[in-house]
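The next block holds one structure in the form of structure tokens; read it before the comments.
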Protein chains: 2
Amino acid sequence: MDADKQLQDFFLRGDQIYMPHLSVDCVIFGFHDNHLKVLLLKWKKGGQWCLPGGFVKYAESVDDSAVRILKERTGIDNIFLQQFHTFGDPKREKGKSLKVAEKKSWIHKRFVSVGYYALVEYSKVNPQPDIMSIECRWWDINTVPTLIYDHNKMIEKALQILRLDLNDHPLGYNLLPEKFTMPELQRLYETILDEELDRRNFQKRMLGLGILERLKERKTGGAHKAPYLYRFDKKKYDKAMKQGLSGGW
Amino acid sequence: MDADKQLQDFFLRGDQIYMPHLSVDCVIFGFHDNHLKVLLLKWKKGGQWCLPGGFVKYAESVDDSAVRILKERTGIDNIFLQQFHTFGDPKREKGKSLKVAEKKSWIHKRFVSVGYYALVEYSKVNPQPDIMSIECRWWDINTVPTLIYDHNKMIEKALQILRLDLNDHPLGYNLLPEKFTMPELQRLYETILDEELDRRNFQKRMLGLGILERLKERKTGGAHKAPYLYRFDKKKYDKAMKQGLSGGW
DNA sequence: TATAATTGTGTATTGGTAACACAATGAAAT
DNA sequence: ATTTCATTGTGTTACCAATACACAATTATA
């Protein structure tokens, strides 16, 4: 079988392409149906779930490898991607055989993993399993199963840092469709923060950032008063992303 | 010569001890004479300056290797050490020969480096050069020379993140002597932030944190009114460090 | 046509930061 | 000894932003 042969080649000769002992894992967040989602892969061997990850080519930057991995799993380019932590505990890959046996493939050795989180638009994602997995799909953040290694902790840490980043960075451009309503934006924040926010104060704060542009009415579909549609002013959004939104001192 | 032999052995057989392609660099901050300092090393070969760094042993966590490096360069243990970024650009080591030549030592290959910053008490440090350097000393943050590779950028990034961390974490325990005055603490903040702060508001804010304990008068040495001495309440300090000090949402 | 849920907008209150002033101290100068 | 002067200790006011809260408008559905 072709896939099998490819996999075998990967085990045998992957170390000619990729740097040993170094991996990249991505926590890819999406937002759908008022729920925060993470993209996960199911391993062929064992059936356990894990984060989308990969390795760093010899002449490739770590950032670029994260971009590549993301592109391969989602089909999406040009995504907001943020390095958030590097995981370097030798015991992080629990369950993995770390014997010094030379016979073992490079891939069974210890890996230090650089963690990235990404914010993507749910509907634009076309989930693609990688060579080691048979399935790739979204999981609700609240029902994520027990993952391999320290991947649950990775998600936890990514979420924690995402929440901190909310304090001084705008959010939404990569998680929402181009046009969205204020309530939708609020749901996104509430979902990420796991906390209810006051509708009126939220709106004031958001508009106060000066990165939103109001459009016209919408949705005959909604069963109630039609909310306005908004769109991010990309220039101002990017500026705010770069500079930060204020900050303590 | 013994040192030469040791160095040669390090080049030839270091890869039996350390993982290839992975390094750790430390931005060690100290505070002295109202100035922020960084500890730097001078290379034997070429005489250029660089950050204290090292490599990760096969069975050692990346965090532990940072602790070890710190201990080796400063003699200090139990220090506040924070991973702040991983530098993974293949071109980051400008000037380094990255040819695929197999004859070259493992150390001439590409390295991805995990950056840590540390806050240490200046007076407690006993600077020790490592095997590749002939000198280890403090530099004023404002007069740091051009360093090797991307080390200047590393310092910049460390400082940037340190400033952000100031917003929601206490600071000073590892940078000041046990007993210190309010003006001294303020100088520390002003130095790091590179900005003047109002004396009275600063005091209110600091005392408001509830992590300081006031002692008795001090310093016949000062040419003016003797300021109070303070000490950190370590328990409350640690708690504040762990929980963070508040935060936007 | 009435209902119910939801959206759009405005106001009062509060809390914390920023701006600011004056009395007290203590070594150095006279 | 007395004066001087930089520095410290402390409090008050002003302002801005976040919070709490209320009412009118809209729209599909009953």
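So that the names make sense, note that chain A is the first sequence line, chain B the second, and so on, each numbered from 1.
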State whether Arg199(B) places a side-chain N or O below 4.0 Å from either non-bridging phosphate oxygen (OP1 or OP2) of dC22(C). no
Would you mind reading off the distance between [X] atom [atom1] and [N] atom [atom2], rounded to a whole angstrom?
X         : N       : atom1 : atom2 : value
Arg205(B) : dA19(C) : CZ    : P     : 13 Å
Leu245(B) : dT17(C) : CG    : C1'   : 16 Å
Leu229(B) : dT7(D)  : CG    : P     : 18 Å
Gln186(A) : dT7(C)  : CD    : C1'   : 11 Å
Leu215(A) : dG8(C)  : CG    : P     : 12 Å
Leu197(B) : dT17(C) : CG    : P     : 13 Å
Glu196(B) : dT7(D)  : CD    : P     : 12 Å
Tyr228(A) : dT7(C)  : OH    : P     : 14 Å

Only residue of Arg68(A), Lys124(A), Lys71(A) satisfying salt bridge (charged side-chain N to carboxylate O under 4.0 Å, His left out) with Asp77(A) is Lys71(A)
- Query: If you measure from the Lys or Arg side-chain nitrogens to the Asp or Glu carboxylate oxygens, is any gap between Lys242(A) and Asp238(A) under 4.0 Å?
  - Reply: no
**Asked** In terms of side-chain geometry, is the basic nitrogen of Arg200(A) or Asp198(A) positioned less than 4.0 Å from the acidic oxygen of its partner?
**Response** yes
Review point. What about the rings of Phe232(B) and Phe180(B), do their centers lie closer together than 6.0 Å?
Key: yes
What do you reckon, are the aromatic ring centroids of Phe202(B) and Tyr189(B) less than 6.0 Å apart? yes
Numerically ordered, the residues 175-182 of chain A set in heavy-atom contact under 4.0 Å with DNA chain D is none
>> side-chain contact (heavy atoms from CB on, under 4.5 Å), that's the test. Do Ile28(A) and Val125(A) meet it? Break it down for me.
In response: CA-CA 10 Å; Ile28(A) 305 172; Val125(A) 172; 5.8 Å; no
Among dT7(C), dG8(C), dT10(D), the one nearest any side-chain atom of Arg187(A) is dT7(C)
What are the atom names and distances for every N/O pair under 3.5 Å that joins the protein to nucleotides 10-16 of chain C?
{"from": "dT11(C)", "atom 1": "O4", "to": "Lys204(A)", "atom 2": "NZ", "distance (Å)": "2.8"}

Exercise. Report yes if some heavy atom in the side chain of Gln128(A) is under 4.5 Å from a heavy atom in the side chain of Cys136(A); otherwise report no.
Key: no
Side-chain heavy atoms of Cys50(A) within contact of Tyr149(A), under 4.5 Å: no
Which atoms of nucleotides 26-30 of chain D (N or O only) lie under 3.5 Å from a protein N or O atom, and what are those distances?
{"from": "dT27(D)", "atom 1": "OP1", "to": "Glu217(A)", "atom 2": "OE1", "distance (Å)": "3.2"}
{"from": "dT27(D)", "atom 1": "O4'", "to": "His224(A)", "atom 2": "O", "distance (Å)": "3.3"}

- Parallel under 30°, tilted from 30 to 60°, perpendicular over 60°: which one fits the rings of Tyr237(A) and Tyr173(A)? tilted
Taken to the nearest 0.5 Å, the spacing of Phe29(B) CZ from Leu188(B) CG works out to 11.5 Å
So is Lys157(A) actually on top of Phe84(A)'s ring, under 6.0 Å and inside 45° of the axis?
no
